[in-house]
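Presented below is the structure to which this report refers.
For ligands, and for the atoms within them, numbers begin at 1 and follow the listed sequence.
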Amino acid sequence: MKFATPAGANPIDRMAIVGRAHPRIDGPLKTTGTAPYAYEHQHLESKLAYGCIVGAAVAKGRITAIRVHEARDAPGVLAIVTAQEAGKLGKGKRNTAKLLGGPEVDHYHQAIAVVVAETFEQARHAAGLVHVDYDRTEGRFDLATALEKAELAIDPNAAPAPKENRVGNFEEAFAAAAVKLDASYTTPDHSHAMMEPFASIAAWNGDELTVWTSNQMIDWGRTDLAITLGIPKEKVRLISPYVGGGFGGKLFLRADALLAALGARAAGRPVKIAMPRPLMANNTTHRPATRQRIRIGCDAGGTITAIGHESGSGDQPGGSPEAAVSQTRLLYAGANRLTTLRLAELDLPEGNAMRAPGEASGMMALEIAIDEMAEKLGMDPVAFRVKNDTPVDPEKPQRRFSERQLVRCLEEGAERFGWSRRNPRPGQVRDGRWLVGFGVAAAFRNHLDMPSGARVRLGRDGHITVETDMTDIGTGSYTIIAQTAAEMMGVPVDEVTVRLGDSAFPVSAGSGGQFGAANATAGVYAACVKLRDAVAQRLGFNSAEAVFADGRVTGGNRSAALREAAAAGELAGEDKIEFGDLSKTYQLSTFGSHFVELGVDSYTGIVRLRRMLAVCAAGRILNPVSARSQVIGAMTMGAGSALMEELAVDKRFGFFVNHDLAGYEVPVHADIPHQEVIFLEEADDKANPMKAKGVGELGLCGFGAAVANAVYNATGVRVRDYPITLDKYLDRLPPVD
Ligand code: MOS
């Protein structure tokens, strides 16, 4: 189905099942521990062996010798694979650094060998007996230094685009502005820190490879595994029915899957590998640190006349910039504009997508800058944002937003939160020993079209089965897909079985970039339209007029049970949603507002969040319970990035030091006392037939800045370097009296 013109009325509009709160259909499996995750797959024909990855102990250099005889003689060892044994390997389209290094080492903890043994303990023991000599060379590990010589870069997701995005004359307008802000902000490297580690089981059957893995994007992983191994894609099957969090780390093929495949081939047995937690931060990818400069010029009345946002980040050679200026191109009006990205080459581990790549980092800076500008103008920060709202793409004014309810998000949020109780003078409100502050930020994240396929079957018993390689990474995909098929076919949700995460099923959008829910359900919608046609034809109804409801098909003056259509044999519909130019004609984005109240201990400087509110406008909300879970989870991640998350870089040896959950802090329940989420009514007919857009990552974008602005409001101390830890402001807190 090609989606090329705005959606008209369709069966989803009934919203009898879609749009209703429905608990997760996979919930009981998860709460009873019976949902099979990658590492737990049991049903193999031959006995499993265990693989242990050996990571490089230097960040940059060359392996001069790798001595494996001691390891090979250790108890239980079945095989050892290094780059030499593996022979020629390709590199996946979406990997920057090689997944199996050697003799050249590109980054610390890059995999350089896998040891396969009868048991996990034997594999781990033998891995410790692999002796490696390195010729260590100098690496580039300091972003600030590397950026001094770095070139401008193009955001690969915005290409084709000029290296500098300019509108009007930014420099002139900024120089002439009555009120100006020129400030710099930094965000550190972040680790995905998902609960389930990277894990895979690989089994060969002749030249056919099956990998049970934990992956967000089945077709990307399958394609890149085939390319890396140099075998036809048709010979590779990936299965990933449950994923214990990914956050972008599992968008791509990683070393666990490749080395399980290589180890299994060498050992002649299926091999399972789970990455130990301390390997994850340096072996895989992370969100790159950014250094951002923002300049805003306004007239005396608070209208933005110039807005400039320049961001720099680093990556391995051949990598990509963190697109931290995306939102600045679209969020606020302003006749003169400049946005650039700069990319430095670094020898730290590979940077890549993490939880709302681009906007998450960019909004952390932009929305502090907006707060600072509002204060310079003596304006309320909500009113300043409202004043500079734009109904059109500010770079291309002929392009409108398909839907844009930013102002309503801000105003309703202010009302619900009690924003009028905020004291605009910082450092004034005390509650015992606590300094209390309010903060606000806009939320913004683009919506992306992705083609997505599905197959829907009507069984002889009237039961519906949906099959698509879409993944559920804890997001609720199973449930919203069941709701979509139930709505389309006119059956209750419990008459629908959803099968996901298998490359034997039609290729879907996959889970990433908050594009999963809207596109994957649109693919299921398309397949259901095909199945409805087949049913109507079988039962002799006019497909365009037939109504599917209550397990029946009704049209003209007749009605028949849906199951009758399959009485003589199962019927199936398969299709995929594809997109025309609507997302070029219109700008498809999602909007929101974040409000935060927190206390800062006037003695110790410790920050405690008190309450948080998000108001979101993101198209039709397919299931308010799972959407809310996405948003509160994202807000929690925003709290982490504001207050604690930071990979500490060892700039001498080039690695992330705090590479486990003891040293890499993320929020726990006690950090997150009270969250509220409101979804505004919206149905975006330019997005897809579901009239839905992404919402999961919206909840993160802007939240960190709302926290930063609340810390400022509480204390009068502006911190522009994340995370906002007390060492950065303790000596500047107001005197204790
Ligand atoms: Mo998301 S960072 O695209 O999984």
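- Residues Tyr478 and Tyr242 bring their aromatic ring centres within 6.0 Å.
- Between Met354 and ligand 1, a contact under 3.5 Å exists for no N or O pair.
- With ligand atoms numbered from 1 in the order given, ligand 1 contributes 2 (S) to contacts under 4.0 Å with heavy atoms of Ala353.
- Scanning for side chain to side chain donor-acceptor pair (under 3.5 Å) contacts around Glu467 gives Arg455, Arg457, Arg499, with sequence neighbours left out.
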Task: side-chain contact (heavy atoms from CB on, under 4.5 Å) assessment of Met690 paired with Val524 - done: CA-CA 10 Å; Met690 303 300 293; Val524 172; over 6 Å; no
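- Residue contacts with ligand 1 for Gln216 involve side-chain atoms from C-beta outward but no N, CA, C or O (heavy atoms, distance under 4.0 Å).
- The protein non-hydrogen atom at the shortest distance from atom 3 (O) of ligand 1 is Gly513 N, 2.5 Å.
- Note on ligand 1: Gly246 sits outside its first shell, no heavy atom being nearer than 4.0 Å.
- Taking a cutoff of 4.0 Å between a charged side-chain nitrogen and a carboxylate oxygen, Arg287 and Glu645 do not qualify as a salt bridge.
- With a heavy-atom cut-off of 4.0 Å, Gln514 does not touch ligand 1 at all.
- In this structure, Tyr664 has its ring center at least 6.0 angstrom away from the ring center of Phe656.
- Closest protein heavy atom to atom 2 (S) of ligand 1: Arg355 N, 3.0 Å.
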